[in-house]
Amino acid sequence: MKLNINQLHFIKIEKLSNSYIVSLIDTKEYEIIKGYGKTVVDAFNDMHHNLI
């Protein structure tokens with residue numbers, strides 16, 4: 001299954017020079033929690049780990 005980033009309405013993905021930041025945002029686009037990683041998947045995993 002391929003992930004369509006455009007369908008993730010409450011996720012913001014930022015790319016820095018060598019890493020990614022994934023943020024869970026609310027309806028007013030305030031950042032609730034972030035995850036960091038060298039890939040988008042690593043950043044999602046870090047954000048998920050921070051929720052647990």
Sequence-distant partners of Glu31, salt bridge (charged side-chain N to carboxylate O under 4.0 Å, His left out), two or more places apart:
Lys12, Lys34
Count I, L, V, M, F, W, Y as connected when their side-chain heavy atoms are under 4.5 Å apart, and connections chain through other members. Are Val41 and Ile13 then in the same cluster?
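Different hydrophobic clusters.
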Taking a hydrophobic cluster as the set of Ile, Leu, Val, Met, Phe, Trp and Tyr residues connected by side-chain heavy atoms closer than 4.5 Å, whether directly or through intermediates, do Leu51 and Val40 fall within one such cluster?
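Same hydrophobic cluster.
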Could you list all the salt bridge (charged side-chain N to carboxylate O under 4.0 Å, His left out) pairs where at least one residue sits in residues 38-52, not counting sequence neighbours?
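Output for this query is empty, none listed.
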Please tabulate, for the side chains in residues 19-30, all donor-acceptor contacts under 3.5 angstrom to protein atoms that are two or more places apart in sequence or on a different chain.
| from | atom 1 | to | atom 2 | distance (Å) |
| --- | --- | --- | --- | --- |
| Asp26 | OD1 | Lys28 | N | 3.0 |
| Asp26 | OD1 | Glu29 | N | 3.0 |
| Asp26 | OD1 | Tyr30 | N | 2.8 |

Euclidean distance, Met47 CE relative to Ile52 CD1, rounded to 0.5 Å:
11.0 Å
